[in-house]
Amino acid sequence: MQIRVLTIFPDLFESFLASTLVGKAVVAGLLEIELVDVRTFATDRHRTVDDEPYGGGGGMVMKAEPWIAAVGASSSEGAHRALLSPQGCRLDEAKVRELAGHASLVLLCGRYEGVDERVRELVVDEELSIGDYVLSGGEVPAMVVIEAVSRQIPGVVGLADSVENDSFRRGVLDFPHYTRPREIEGHSVPDVLLSGDHQAIALWRRREALRATWEKRPDLLEGAELDEDDRAFLAELGRRSRA
Ligand code: 9D3
């Protein structure tokens with residue numbers, strides 16, 4: 001897979017790429033990432049990338065031409081072009097899998113009050129947001145997209161020393177984790193985890209995962225894959241809470 005990032009702050013990506021699983025995927029040849037500095041596509045003497053908004057108002061708007069030129073120069077035929085923007089479709093695990101299905105992605109990171117609308121009209125296939133809160137630009141959202149999409153590439157998660165957490169695929173949150181020491185300020189590791197009884201541990205983990213989901217994200221249970229035991233346990237939680 002190939003991802004091109006169009007930004008006026010390519011430096012923001014350096015330590016992200018050097019220090020994370022994404023960087024390992026690049027080194028392993030599973031992923032190719034290209035950073036494109038949009039400012040190099042500005043043609044005037046001062047390499048201007050922003051200008052005042054038509055119609056007035058506060059803030060600056062990113063000029064269309066450098067973006068259109070940057071996409072034209074760096075977009076391989078058939079690449080999927082996504083603009084990170086607060087007006088975008090909210091990113092979730094289903095959207096991440098869809099993005100990972102493209103052989104080539106181009107991520108456009110806007111800044112300032114926004115990007116001239118002609119960029120969206122002419123060279124963008126879709127707009128993506130990472131959630132309903134205000135950030136300063138599309139760079140951090142692009143890192144979110146890159147990290148989530150990379151994990152979908154076969155072999156990438158195996159490069160980490162952790163195993164994949166596919167909780168969102170099944171609609172249930174993760175179970176609680178513990179490591180040494182056994183006790184901290186009166187808070188002990190549950191005995192079952194020290195029992196060596198793998199079946200009992202698996203049952204405990206499943207139930208704690210269900211409990212966490214029920215308490216923290218009950219909305220996820222709607223789409224969760226649940227068996228008869230799961231449903232019985234959730235029904236019991238419900239009865240206990242009403243008692
Ligand atoms: C306070 C400015 N807002 C006026 C209503 C508009 C606005 C413009 C530009 C808000 C944020 C931004 C910059 N953000 C992004 O480019 C962005 C973003 C985000 O802010 N939140 C979640 N996902 C994304 S993706 C890109």
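We count ligands from 1, going down the list as the structure has it; atoms in each ligand are counted the same way. Note: hydrogens, waters and symmetry copies are ignored here, and every other heavy atom, side chains too, is used.
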(message) Take a 6.0 Å sphere around CD of Glu121 and say whether it holds more than 12 heavy atoms from other residues, nucleotides or ligands.
(response) yes

(request) Decide if atom CD of Glu117 counts as having more than 12 heavy atoms of other residues, nucleotides or ligands within a radius under 6.0 Å. (result) yes

(message) Need the ligand 1 atom indices (1-based, order shown) with element for anything under 4.0 Å from a heavy-atom of Ser136.
(response) 13 (C)

(request) Please say whether Pro86 places an N or O atom under 3.5 Å from an N or O atom belonging to ligand 1. (result) no

(request) Determine whether more than 12 heavy atoms belonging to other residues, nucleotides or ligands lie under 6.0 Å from atom CD of Glu52. (result) no

(request) Would you sort out whether Thr7 and Glu139 count as a side-chain hydrogen bond (donor to acceptor under 3.5 Å, both in side chains), showing the intermediate values? (result) CA-CA 7 Å; Thr7 171; Glu139 283 79 10; 2.7 Å; yes

(request) Give the atoms of ligand 1, by number and element, whose distance to some non-hydrogen atom of Gly138 is under 4.0 Å. (result) 16 (O), 26 (C)

(message) Looking at every heavy atom in both Glu113 and Gly59, which two are closest together, and how far apart are they?
(response) CG-CA, 3.9 Å

(request) Below 4.0 angstrom from a heavy atom of Ser85, which ligand 1 atoms are there? Numbered from 1 as shown, please. (result) 25 (S), 26 (C)

(message) As a check for students: among Glu113, Arg111, Arg90, Gln87, identify the option with a heavy atom nearest to atom 3 (N) of ligand 1.
(response) Glu113

(message) Could you check whether atom NE2 of His198 has more than 12 heavy atoms from other residues, nucleotides or ligands sitting under 6.0 Å from it?
(response) no

(message) I'd like to check atom 5 (C) of ligand 1 in this structure: does the protein have a heavy atom lying under 4.0 Å from it?
(response) no

(request) Specify the protein heavy atom at minimum distance from atom 20 (O) of ligand 1: its residue, its atom name, and the distance to 0.1 Å. (result) Leu135 N, 2.9 Å

(request) Look only at interatomic distance and state if Tyr133 has a nitrogen or oxygen under 3.5 Å from any nitrogen or oxygen of ligand 1. (result) yes

(message) I need the nearest protein heavy-atom contact for atom 22 (C) of ligand 1: residue, atom name and distance, please.
(response) Gly131 O, 3.1 Å

(request) Check ligand 1 against Leu128 and write out every atom of the ligand that is under 4.0 Å from a heavy-atom position of the residue. (result) 25 (S)

(request) Any atoms of ligand 1 less than 4.0 Å from a non-hydrogen atom of Tyr112? List them with their elements. (result) 8 (C), 9 (C)

(request) Report the nearest protein non-hydrogen atom to atom 1 (C) of ligand 1: residue, atom name, distance rounded to 0.1 Å. (result) Val134 CG1, 4.0 Å

(message) Looking at Gln199, I'd like to know if its CD atom is crowded, meaning that more than 12 non-hydrogen atoms belonging to other residues, nucleotides or ligands lie closer than 6.0 Å.
(response) no

(request) Would you indicate whether Arg118, at its atom CZ, is surrounded by more than 12 heavy atoms from other residues, nucleotides or ligands within a distance under 6.0 Å? (result) no

(request) Nearest heavy atom to atom 23 (N) of ligand 1 wins, so pick from Val115, Ile130, Leu84, Leu83. (result) Ile130

(message) Taking 4.0 Å as the limit for heavy-atom contacts, which would you say applies to Cys109 with ligand 1: side chain only, backbone only, both, or neither?
(response) neither

(request) Taking only Lys NZ, Arg NE, NH1 and NH2, and the carboxylate oxygens of Asp or Glu, determine whether Lys63 and Asp50 approach each other closer than 4.0 Å. (result) no

(message) Salt bridge or not between Arg90 and Asp132? Use side-chain N to carboxylate O under 4.0 Å.
(response) yes

(request) Have a look at ligand 1 and work out which part of Pro141, if any, has a heavy atom under 4.0 Å from it: side chain, backbone, both or neither. (result) side chain

(message) Looking at ligand 1, is there an atom of it that comes within less than 4.0 Å of some heavy atom belonging to Gly88?
(response) no

